[in-house]
There are 2 protein chains.
Amino acid sequence: MNHEDHQEETLHVGSGEFRMTKQRRVVYDVLLDQRDHPTAQEVYSRAKRRMPGISLATVYNCLDTMAQAGVVKQVNVARDATRFCPNLRPHAHFLCARCGEVLDVDLKPTADATLAWAMPEGASVEHLEVAMRGLCPTCASQPAQLV
Amino acid sequence: MNHEDHQEETLHVGSGEFRMTKQRRVVYDVLLDQRDHPTAQEVYSRAKRRMPGISLATVYNCLDTMAQAGVVKQVNVARDATRFCPNLRPHAHFLCARCGEVLDVDLKPTADATLAWAMPEGASVEHLEVAMRGLCPTCASQPAQLV
DNA sequence: ATGAGATCAAGAATTATTCTAAATAAGGAA
DNA sequence: TTCCTTATTTAGAATAATTCTTGATCTCAT
């Protein structure tokens, strides 16, 4: 009886275009609701609570589709599974070596991340990913752990 | 009859310390001789030419040991296999989207790579990895490919 | 030479991700 | 609506990078 009946809609964002299916909506909402940079597996677990029949392959498909459309970002820190986040501002990622949390680190308002680097003449940068590791503010202020 | 007979020596570098065994020497030389950021598999192929009996597991072990010791760096661009390089200067990596080449991009002499980022107050950065994608100078100057 | 500990080799095991094929769902045209 | 075409989903197999395991081998200090 209301607009909720329209489960489909088409989104035009960034480079791509895609249909917001039920599954993609669920996956996207999972990312929006808990912004802790989950892996595909973690997204899958959370998505299943909302839509028990969803499959892991679909979660991968959805994340991939949305990443290509530019709606979510893939985050690679360290060598483990790719993580995902819906933060579209230019930002880097900081992995705390102690607690494992992944923090977003925004690009300063007027800054240019490539400026510090001696780029080869004529190269064009389409994409830049920055991964930092260290101690987050909380862990850095804690005394050294005996574990 | 000469010093070459001493195949063992101990290196103290950066954070770690390790024995330069025959295998590690070969793996390290492979990295020094062709600085094209090979994957572990590629290192293995090249190492086998010099030491046919070397095993893939050993190549992984050697790369790991040397990475921990700080003698080589692990390079993660995109989602594929980790690459390795013996360049110890602070530098970023640039993957050409067309030719697939990986270029080293040095940090500018006095620059600070974290300066562009709004680091959370109190965080300490131990490690920073920058991966860029785009077109290298050569490919950027070429007309668009029809493939 | 001997013993302790490090390193190596071979292959099995793990894990993230991609692929395949068949079933289902969606949007447009008649 | 009903039919048609195409996109999407699903489940499970396949792939690929990496790690683990175990026993053999090597190195160094005694």
Side-chain angles (χ1 to χ4, degrees), chain A residues 3-12 16-28 30 37-45 47-48 50-69 71-72 74-84 102, chain B residues 3-12 16-28 30 37-48 50-69 71-72 74-84 100 102:
Chain A
H3 294 303
E4 307 276 324
D5 292 326
H6 291 274
Q7 297 277 3
E8 292 288 331
E9 61 184 303
T10 302
L11 282 197
H12 306 252
E17 164 177 334
F18 73 104
R19 278 214 307 253
M20 186 56 91
T21 63
K22 295 188 194 80
Q23 287 82 348
R24 287 171 185 166
R25 172 94 264 153
V26 167
V27 166
Y28 189 49
V30 161
H37 306 86
T39 63
Q41 282 285 351
E42 288 164 342
V43 171
Y44 175 51
S45 305
K48 264 196 303 192
R50 307 175 185 205
M51 181 185 272
I54 200 170
S55 78
L56 177 58
T58 297
V59 170
Y60 270 103
N61 287 340
C62 292
L63 291 170
D64 220 57
T65 302
M66 292 192 283
Q68 289 214 286
V71 175
V72 305
Q74 297 184 319
V75 180
N76 293 291
V77 269
R79 279 187 280 188
D80 50 335
T82 300
R83 297 163 173 277
F84 296 86
V102 175
Chain B
H3 294 304
E4 308 275 323
D5 291 327
H6 291 273
Q7 298 277 2
E8 292 288 332
E9 60 184 303
T10 302
L11 282 198
H12 306 252
E17 163 178 334
F18 73 105
R19 278 214 308 252
M20 186 55 92
T21 64
K22 296 187 194 79
Q23 286 84 348
R24 287 170 185 168
R25 172 94 264 154
V26 167
V27 166
Y28 189 49
V30 161
H37 307 85
T39 63
Q41 282 285 352
E42 287 165 342
V43 171
Y44 174 51
S45 304
R46 296 176 196 175
K48 263 197 303 193
R50 306 176 184 205
M51 181 185 274
I54 200 170
S55 78
L56 177 59
T58 296
V59 169
Y60 270 102
N61 286 340
C62 292
L63 291 170
D64 220 59
T65 302
M66 292 194 282
Q68 289 215 286
V71 175
V72 305
Q74 298 183 319
V75 180
N76 293 291
V77 268
R79 281 187 278 188
D80 51 335
T82 301
R83 297 163 175 278
F84 296 85
V102 175

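Per chain, numbering begins at 1; letters A, B, ... match sequence-line order.
- Of the candidate nucleotides C:dC8, C:dA25, C:dG11, C:dC8 has the atom lying nearest to any side-chain atom of B:T21.
- Here A:T39 lies out of heavy-atom contact (under 4.0 Å) with every strand.
- At whole-Å resolution of the value, CG in A:N76 and P in D:dA17 are 16 Å apart.
- Of the two residues contacting DNA chain D, namely B:N61 and B:A40, the nearest-nucleotide position lying further toward the 5' end is that of B:A40.
- Looking at heavy atoms from C-beta onward, B:F84 lies out of side-chain contact with B:M66 at the 4.5 angstrom threshold.
- B:Y44 contributes atom OH, which lies 12.5 Å from atom SG of B:C62 (distance to the nearest 0.5 angstrom).
- Under 4.0 angstrom from either OP1 or OP2 of C:dA9 there lies at least one side-chain N or O belonging to B:Q23.
- For B:K22, a side-chain nitrogen or oxygen approaches OP1 or OP2 of D:dT27 to under 4.0 Å.
- When the P atom of D:dT18 is taken as reference, atom CG of A:D80 falls 12 Å away, rounded to whole Å.
- Nucleotide D:dT18 holds its C1' atom 10 Å from the CG atom of B:D64, rounded to whole Å.
- Nearest to the side chain of B:S55, among C:dA25, C:dA10, D:dT19, sits C:dA10.
- At a threshold of 4.0 angstrom between heavy atoms, the contacts of A:A81 are confined to the sugar-phosphate backbone, with no base atom among them.
- Comparing D:dT19, C:dT18, C:dC8 by their nearest atom to the side chain of B:Y60 picks out D:dT19.
- The distance from atom CE of A:M51 to atom C1' of C:dT24 is 13 Å, rounded to the nearest whole Å.
- Within the 4.5 Å cutoff, the side chain of B:Q74 has heavy atoms near those of the B:D64 side chain.
- A sub-4.0 Å separation between OP1 or OP2 of C:dT7 and a side-chain N or O of B:T65 is absent.
- Ranking C:dT7, C:dA10, D:dC26 by closeness to the B:R24 side chain, first place goes to C:dT7.
- Between C:dT17, C:dC8, D:dT10, one nucleotide has an atom nearer to the side chain of B:C62 than all others, and that is C:dC8.
- If you check C:dT18, D:dA7, C:dT7 against the side chain of B:R19, the one that comes closest is C:dT7.
- Between the B:E42 side chain and the B:T39 main chain, a donor and an acceptor come within less than 3.5 Å of each other.
- For A:A57, the side-chain atoms get nearest to D:dG12 when compared with the rest of C:dA9, D:dG12, C:dT17.
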